[in-house]
Amino acid sequence: MEASLRAHRPAALLIFAFLSLIAVSSSAAQEIQILNAERRIDLSSQVAIVFLTLKVENTGKAAASDVILAFPPTEADHLAEVKAQAASGKKRKKTYAHLIVEPTDVPDAPNGAKGFRVALLNPLSPGETSTIEVLYMLTHSMEPFPAEISQSDPQLVYYRDSAYILSPYRIKQQTTFIKTPSTNVQSFSRVEPTNRASMELKYGPYEDLPAYSYAPVLVHFENNNPFAVVEELVREVEISHWGNLQITEHYTLAHGGAKLKGVFSRVEYQSRPSASGVSSFKNLLARLPPRVHSVYYRDEIGNISSSRLRTDSRKSELEIEPRYPLFGGWKSTFIIGYGLPLEDFLFESTDGKRYLNFTFGCPLSGTVVDKLTVKVVLPEGSKDPTAIIPFPVEEHMETKYSYLDVVGRPVLVLEKKNVVPEHNIPFQVYYSFNPIFMLAEPLMLVSTVFFLFASCVAYLHIDISIRKG
C-alpha cells in the first residue's frame, strides 16, 4: 500500500502544480485594473476604425506578462485587424514598441465574448503601470436604415456599440468618443453623461465600473461614403524566370449600402450629380506598382475603354469606370491584368533560394474585401514553397498546367477574409529551383518542331511513293 502511494506521489504533485499554475494565472488576470481608458471610434468611411488607449496597473503580488482585450461576438465576427503598441514618454518624446496580439480563450467571459491576448514587452511588476495603444477595425459594422432608398435620398446607417468599454478588468475611469462623417445625426442613445458637439458624440467619463460592464448604444446618422465591397477577389501572380511577372485579378464588386428603390434615371443622375445618387460610385482607383506594362481592363462583354493609367518612377495609378454607376445592391464583375519586370520583385536569399516579394491585399482604394485569394504560380520544377505573411491566412497547394508543361506548375494558394487597406503590405514566398528546368520549355518546343518537321517529311515521302506506285 505504501509503495503504491509512493508511485502515485509524483503524478499527484504534477497535477497539483498544474492546478496551482492555472489559479495563479487566473488570479493575475483579476489583479490587473485599468486606471484610465479612452476609446475613439471613427465612422467616416464604411470601416469603423477604433483607437483605444489603456493605462493598466498591476495591483497583484505577481508579475503580469499580458493584457486581455475583450470583444462582443457581434464585433469579433467583423474584426479585420487588431494591432497594439506600448507607449512610453510624454507628448512629442513618446516612443512606441510593437506588441504581439493573438486570439485567446476567456473562460469567464459572458455571452460568448471573444478575447485577444496582448503580450507585454516586459512583465509588469506589482504596482507598476503601462500604457497600451490598440487599433482595431470592423467591417460591415454599419447597417443601412432604411434598407432601401430612392435615387435622390441620402444614405442613413445604424451603428451599434456599448457606451462602456468591454473589458475583463475593472476600469477606474473611461470615456468614448464617436465621430460621424456628417452633422446629420438622426438619433443617438444616451447613457449619462452624454454630450454631442458637431460631428462628435462623447460618452462619459464613467467612474469605477466592474469587469464586463456593458451599456448598448445606437447611433443613426448620414453616411454617403461609397460602400464599395469586393465580395471576392482572386489575384493570380505568375512568375516567369524569362523576365516577367504577370498579374491577373478577377473582381466581384458590389455596393454594400442601402438598396436602390425604384427605377434608375440616367438623365437625373447626370443632370443633378450633387443631389442624385450621392451614395453611389462610378469610378475606382487601383494603385499598382511602378514600371507596370501591358495593362488591360475588361469584363465578360470585352475590353472597357473608360480607364486612365498614370505612371511615374514611384507608382502607377489606374482609374477605372464600370459600364454603369453602382447603387446599393448592384454588382459588377471584371478583370484587371498587367505585367511587371521580374527583377523588381524576385530575389535570391543567402541560402540559394529564390523569393518573391509582393504586396498582399487589394489594389482598389477604399474597398473592403470579403474573401481574398492570392495564387502564386511558381515556375515548373519549383520545390518547397514557403510563405511569410505578417498575419494569419489559410494556405494550400494546387497545380496549374500551361502549354509546354510536363509535370505542371506548383501554385501556392493564400486565402483571407475581411481584408482592408491596412493589409496591403509586402509578403514573401521562398522556393527552391534548379536552373536546369529552364531548358525544359525550349527543349519541348524544339522537340515539337522536330516532330512536326519529321511528320511532314514522312508524309511527303509516303505521298511521293504512292504517286510513283
Side-chain angles (χ1 to χ4, degrees), residues 10 12-40 50-72 75-76 79 82-136 162-177 203-215:
L13 289 174
L14 184 62
I15 294 172
F16 177 76
F18 179 71
L19 292 175
S20 299
L21 181 62
I22 293 177
V24 168
S25 299
S26 176
S27 175
Q30 296 299 325
E31 291 175 346
I32 285 181
Q33 72 173 356
I34 299 176
L35 296 178
N36 187 58
E38 181 182 277
R39 180 176 53 165
R40 293 186 175 273
V50 184
F51 300 91
L52 178 63
T53 303
L54 304 173
K55 185 176 182 180
V56 299
E57 179 188 25
N58 186 356
T59 58
K61 297 180 180 180
S65 59
D66 52 45
V67 173
I68 304 300
L69 304 175
F71 297 91
E75 285 191 358
L79 271 175
V82 183
K83 295 180 180 179
Q85 59 184 9
S88 58
K90 295 183 179 180
K91 296 183 179 180
R92 295 183 180 179
K93 295 184 179 180
K94 269 191 176 183
T95 59
Y96 299 93
H98 174 73
L99 301 177
I100 297 175
V101 182
E102 56 188 9
T104 188
D105 292 328
V106 187
D108 59 342
N111 301 322
K114 305 294 178 65
F116 281 80
R117 172 182 173 271
V118 180
L120 301 176
L121 285 178
N122 300 302
L124 195 64
S125 300
E128 285 188 342
T129 62
S130 178
T131 300
I132 301 173
E133 295 185 357
V134 180
L135 166 67
Y136 62 92
S162 170
Y164 305 151
I165 299 171
L166 190 69
S167 174
Y169 312 115
R170 176 177 292 275
I171 304 179
K172 301 296 288 183
Q173 186 181 67
Q174 62 174 295
T175 310
T176 292
F177 299 88
Y203 288 93
Y206 304 111
E207 307 285 342
D208 200 21
L209 292 176
Y212 295 114
S213 296
Y214 193 83

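Fair warning: this is a prediction, and the values are worked out from it, not measured in the lab.
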Participant: Among all residues two or more places apart in sequence or in another chain, which pass the salt bridge (charged side-chain N to carboxylate O under 4.0 Å, His left out) test with Glu38?
Facilitator: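 Partners of Glu38 by the salt bridge (charged side-chain N to carboxylate O under 4.0 Å, His left out) criterion, ordered by chain and then number, come out as Arg40.
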Participant: Got a list of side-chain donor-acceptor pairs under 3.5 Å for residues 111-122, not counting sequence neighbours?
Facilitator:
residue: Arg117; atom: NE; partner: Asp66; partner atom: OD2; Å: 2.9
residue: Arg117; atom: NH1; partner: Glu102; partner atom: OE2; Å: 3.0

Participant: State which residues pass side chain to side chain contact (heavy atoms under 4.5 Å, CB included) with Thr131; sequence neighbours excluded, sorted by chain then number.
Facilitator: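 If we apply the side chain to side chain contact (heavy atoms under 4.5 Å, CB included) test to Thr131, skipping adjacent residues, the hits are Thr53, Lys55, Ala87.
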Participant: Between the main-chain N or O of Ala215 and the side-chain N or O of Ser162, is there a donor-acceptor pair closer than 3.5 Å?
Facilitator: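 It does hold such a pair.
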Participant: Are the side chain of Thr59 and the backbone of Glu31 linked by a donor-acceptor contact shorter than 3.5 Å?
Facilitator: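 Yes: the side chain of Thr59 pairs with the backbone of Glu31.
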Participant: If you round to the nearest 0.5 Å, how far is CG of Asp108 from CD1 of Ile68?
Facilitator: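 Result: 10.0 Å between the selected atoms.
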Participant: So, using side chain to side chain contact (heavy atoms under 4.5 Å, CB included) as the criterion, who are the partners of Ser167 when residues are at least two apart?
Facilitator: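 Partners of Ser167 by the side chain to side chain contact (heavy atoms under 4.5 Å, CB included) criterion, ordered by chain and then number, come out as Ile34, Tyr169, Ile171.
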Participant: Tell me every residue that passes side chain to side chain contact (heavy atoms under 4.5 Å, CB included) with Lys94, counting only those two or more places apart in sequence or in another chain.
Facilitator: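 Here the qualifying residues are Tyr96, Glu133.
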Participant: Return the set of residues passing salt bridge (charged side-chain N to carboxylate O under 4.0 Å, His left out) with Lys172 (not counting sequence neighbours), or none when no residue passes.
Facilitator: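 With sequence neighbours excluded, Lys172 shows a salt bridge (charged side-chain N to carboxylate O under 4.0 Å, His left out) to Asp208, given in chain and number order.
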Participant: Atom CG in Leu69, atom CG in Leu166: separation rounded to 0.5 Å?
Facilitator: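 Spacing of CG (Leu69) from CG (Leu166) equals 10.5 Å.
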Participant: Output the distance between atom NE2 (His98) and atom CD (Gln85), rounded to the nearest 0.5 Å.
Facilitator: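 The distance works out to 9.5 Å.
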Participant: Tell me, please, which residues at least two apart from Ser88 pass side chain to side chain donor-acceptor pair (under 3.5 Å).
Facilitator: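 Side chain to side chain donor-acceptor pair (under 3.5 Å) list for Ser88, sorted by chain: Thr95.
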Participant: Among all residues two or more places apart in sequence or in another chain, which pass the side chain to side chain donor-acceptor pair (under 3.5 Å) test with Glu128?
Facilitator: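 Glu128 satisfies side chain to side chain donor-acceptor pair (under 3.5 Å) with no residue once adjacent residues are dropped.
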Participant: Identify, with sequence neighbours excluded, every residue that meets side chain to side chain contact (heavy atoms under 4.5 Å, CB included) alongside Pro107.
Facilitator: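 Expected list: none.
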Participant: Which value, rounded to the nearest 0.5 Å, describes the distance between Thr176 atom OG1 and Arg39 atom CZ?
Facilitator: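 Reported value, rounded in 0.5 Å steps: 3.5 Å.
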Participant: Just to verify, what does Tyr164 make a ring-ring contact (aromatic ring centres under 6.0 Å, His included) with, not counting sequence neighbours?
Facilitator: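 Listed in chain order: Tyr206.
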Participant: Is Val101 close to Tyr136 at the side-chain level, that is, under 4.5 Å between some pair of heavy atoms?
Facilitator: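 No, too far: nothing below the 4.5 Å cut-off.
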